[in-house]
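Encoded as structure tokens, the structure appears first; notes follow it.
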Amino acid sequence: MLKNYFKIAIAVLRRRKFFTFISLFGISFTLTVLMVLAAFIDRVGNSNYPDKKRDRSLYILSMEMQGTKNGYYNRGPHSFYFLEHYAGSLKSAEKIAISSMFDYSSTYVNNKKVAINQKYTNAAYWQVLDYDFLEGKPFTPQQVANAERVAVISEDTKTAYFGNIPSVVGKYIEADDIKYRVTGVVKNVPITQIMMYGDMYLPYTLSKGDYKTNKGFNGNFSAIVLAKSAADLPKIKKEYAGIVARIPITDKDYDHIYSFADTYFVGLVRTILGNGNNSGVGKVITGLGIFVFLFMLLPTINLVNINITRIMERSSEIGVRKAFGASSRTLVYQFIVENIILTLLGGLIGIVLTLVVMSLINNAGLIANLNLTINYTVLACSLLACLVFGLLSGVYPAWRMSRLNVVNALKAK
Amino acid sequence: MIRLQNIEKVYRTDTIQTLALNSINLDIEKGEFLSIMGPSGCGKSTLLNIMGLLDAPSKGSITIDSQDTASYSDKQLARFRNKKLGFIFQSYHLINDLQVLDNVELPLLYRDTTAKERRALATEALEKVGLSNRIKHFPTQLSGGQRQRVAIARAIVGKPEIILADEPTGNLDSAMGNEIMDILLQLNRTDGTTIVMVTHDQYMAQKTHRLVRLFDGSQVQ
Ligand SMILES: Nc1ncnc2c1ncn2[C@@H]1O[C@H](COP(=O)(O)OP(=O)(O)OP(=O)(O)O)[C@@H](O)[C@H]1O
Ligand SMILES: [Mg+2]
């Protein structure tokens, strides 16, 4: 039976080349976009270089101050003072990495301007995060305390500044007219790892926004809290919430302060969508759901339409099959199977397209150091989506078709 | 074999109401070859469709092989048609996407048969109509007469007791028409298949056992 369905399905697909093309294009295009997008999200969300201990880390990325009386609202990174003072007092944490957002600076190599994104960190940063050192080592707590002009640079920075030479540790690199001694070279971090990305890492004691005198809460820093084990995370969250609740607010424009120690994903979302106590994760999931739904709805409707046309022009076949003993249900089944064959074919093409697009993106180097790969969960989900597609877009037309009166079906030419 | 009692068929559209059949009473014996004639639009096809359970009458009852099918569900009707009835249409109604053999096998798909059995039965039916050398062809590669012979093979492959043919020679020239007619006569004579055939051809009708004439939905002979 299945073999017969397959035969007729392929025959129809080959006869109706234009419809087949449109259907297959719709399905495979949609799938490709979803899969590339998913790979992208996956890369941003799950790539774990250099924060390999993400499962026992909490991220304090942004804080929010609210003044309910005058409607003031302010969200952004913290001051170094705030993090050192409050997050630094967490008793249940093992270590706390504090670092600034990256800042733009520039330097000249052979009279050509080179942009260097520099980032200020504390010494614990290098223990909380697992950068791969290609040579040298991080700067020491002592060097940080002494505000020595030392730097860890990325592999790309090394090549751009020094060219292809074996070792640069101990050499000097100049940025914004200041010379720093290189202590180590690390493997590149993709910019999608926004908290860890940088071309040059410097001791926070060198930062220009004077961290010593800025006793305000807003600044340019965020923290990563490392716990002894994943089991400690809830405890740390609670402790931090308690600390934040007791912070005295000196600025009279504001009366509420929100700062959370979040897991990686929640932290990212909160930074963009957070509002008060609401992290925005719910919004993200709803939004993504609606997006995927709408995105899949279009080709589904398209397919439903094509299927109705495709099936109706086969009314003679339907009439004949019914006359010779096919029940409506059998016919519905046949057309759904045919449609699933079509969508699975589209799925296969979609996978090939995805591979092509990914390799194009990877090779074009649109986004620094990003390397997209097919995610097998996403692949499985996509194939499942294909099946659902096939069902959804096949059921309605098949049902309409099965209600055709035999005599009319045979009359239609 | 087929008993029609007080059959009436009314077609209603928004504006007009057509009485396509008006109190038809007909008894068709097992093994009988009956032909139906009448001017265009007099209700011949309607009557045949009702006999074939493809359409329901507005009034009256049909019993086939002493079974009243009025209360049958879609599924039961499908199974009943599959077992008892074979259809032949004026415009063949072959599935152009399928090869001759697959077309002939079609009724068997809706029965409990293996692929091997289906193949054997379909080949046998094609031999009966003299087309066993064309099984890999597609319908569009055949002449009208050959197509109608494929359609006959499809109608007889399931060994139905009744064959309903609506102008089977209507699209063919007289030589090919005669060929088809001979096959039907042969089928009726050797297998004892009951055949009801609609035709416009007096000469064909004369070869059958009995002739029924319709005029404006009523039986006049
Ligand atoms: N689906 C329908 N809706 C409305 N009227 C119909 C329908 N089918 C048939 N009729 C009408 O019923 C009458 C009988 O039609 P039928 O097709 O049975 O005629 P026929 O005798 O087979 O004609 P022909 O020799 O041309 O095939 C005609 O007047 C036709 O217009
Ligand atoms: Mg007719």
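All chains are named by letter (A, B, ...) in the order of the sequence lines, taking the proteins before the strands, and each is independently numbered beginning at 1.
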Quick one: closest heavy-atom pair of Asn82(B) and Phe324(A), and the distance? ND2-O, 2.7 Å
Should we say atom CZ of Arg111(B) is surrounded by more than 12 heavy atoms from elsewhere, each under 6.0 Å from it? yes
Please check: side-chain N/O of Arg79(B) versus main-chain N/O of Gly325(A), any donor-acceptor pairing under 3.5 Å? no
Using heavy-atom distances under 4.5 Å, tell me whether Ser328(A) contacts chain B through its side chain, its backbone, both, or neither. both
Could you tell me if the side chain of Val320(A) sits less than 4.5 Å from the side chain of Arg154(B), heavy atoms only? yes
Heaviest contributor of heavy-atom pairs below 4.5 Å to chain A, chosen from Asp55(B), Leu85(B), Asn49(B), Leu109(B), is Leu109(B)
From Ile95(B) atom CD1 to Ser316(A) atom OG, the distance as rounded to the nearest 0.5 Å: 7.0 Å
Check this for me: Tyr333(A), atom OH, are more than 12 non-hydrogen atoms of other residues, nucleotides or ligands nearer than 6.0 Å? no
With no hydrogens and no angle check, is any side-chain donor or acceptor of His93(B) less than 3.5 Å from a backbone partner on Leu410(A)? yes
Is it true that, when you exclude Phe6(A) itself, more than 12 heavy atoms of the residues, nucleotides or ligands shown sit nearer than 6.0 Å to its CZ? no
Would you say Phe295(A) has more than 12 foreign heavy atoms packed within less than 6.0 Å of its CZ? yes
Look at atom NZ of Lys83(B) and say whether more than 12 heavy atoms of other residues, nucleotides or ligands are closer to it than 6.0 Å. no
Can you tell me which portion of Leu98(B) sits under 4.5 Å from chain A's heavy atoms? Options are side chain, backbone, both or neither. side chain
Which atom of Phe87(B) lies closest to which atom of Ala323(A), heavy atoms considered: CE1-O, 3.3 Å
Just how far is it from atom CG of Asp74(B) to atom CZ of Arg329(A), taken to the nearest 0.5 Å? 9.0 Å
Using non-hydrogen atoms and a 4.5 Å limit, figure out which bit of Arg321(A) sits close to chain B: side chain, backbone, both or neither. both
How many angstroms lie between atom CG of Asp97(B) and atom CZ of Arg14(A), to the nearest 0.5 angstrom? 10.0 Å
More than 12 heavy atoms of other residues, nucleotides or ligands under 6.0 Å from CZ of Phe80(B): is that the case? yes
Under 4.5 Å heavy-atom distance to chain A, tell me which part of Phe89(B) shows up: side chain, backbone, both or neither. side chain
